[in-house]
Structures are given as C-alpha cells and as structure tokens.
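For reference, the structure is listed below as structure tokens.
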Amino acid sequence: MKYKGYVADFTFDEKLELFQGRVSNIHDVITFQAKSIENLRYAFKDAVNEYMTWCKKHGNDPEKPSP
C-alpha cells in the first residue's frame, strides 16, 4: 500500500486474526493494525497522518520517504 509517498508492509497473525503493518521506506517507526484489509488501509493512512501531525506539533520535519 502507498499513501503520500509512504509504503506499508504488513503481515497477518493467524492466532490474533489481525493484520499488522509498518511503514517500510523511512527509518522512523510508524506501525498500525486492523482486523480487515479495508480497515488496514484506513489505519495506515491514519498512522501516517498522525505521524505528520506529531512532527509538526514537536517542530520536526517528517522523514521523507525513499522512492
């Protein structure tokens, strides 16, 4: 999945029945999780937006994603 240049990798945990994801093209850690693929997309976008909001609030520039 891609959003605003950020790329997500994810796995599915069968025991928990949960998708777990992480943004893979930056060094900062952005993680997210959801019970369905549809909700995983929303969780990914929310996590990226929260990261950008956090950076702005603390006076940091968000790490730019590598291509």
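No more than 12 heavy atoms of other residues, nucleotides or ligands sit less than 6.0 Å from atom NZ of K56. Enclosure of atom CG in N60 by more than 12 non-hydrogen atoms of other residues, nucleotides or ligands within 6.0 angstrom is indicated. Other residues, nucleotides and ligands contribute more than 12 heavy atoms inside 6.0 Å of the NE2 atom of H58.
In this structure, the side chains of V7 and K2 come closer than 4.5 Å at one or more pairs of heavy atoms. For the pair Q20/T31, no side-chain contact is recorded, criterion being any heavy-atom separation below 4.5 Å from C-beta on.
Through side-chain heavy atoms spaced under 4.5 Å, either directly or across other Ile, Leu, Val, Met, Phe, Trp or Tyr residues, I37 is tied to M1, Y3, Y6, F10, F12, F19, V23, I26, I30, F32, L40, F44, V48, Y51, M52.
Pairing each heavy atom of P62 with each of C55, the nearest pair is CA-SG, 3.8 Å. Looking at every heavy atom in both residues, N25 comes nearest to G5 through ND2-O, 2.9 Å.
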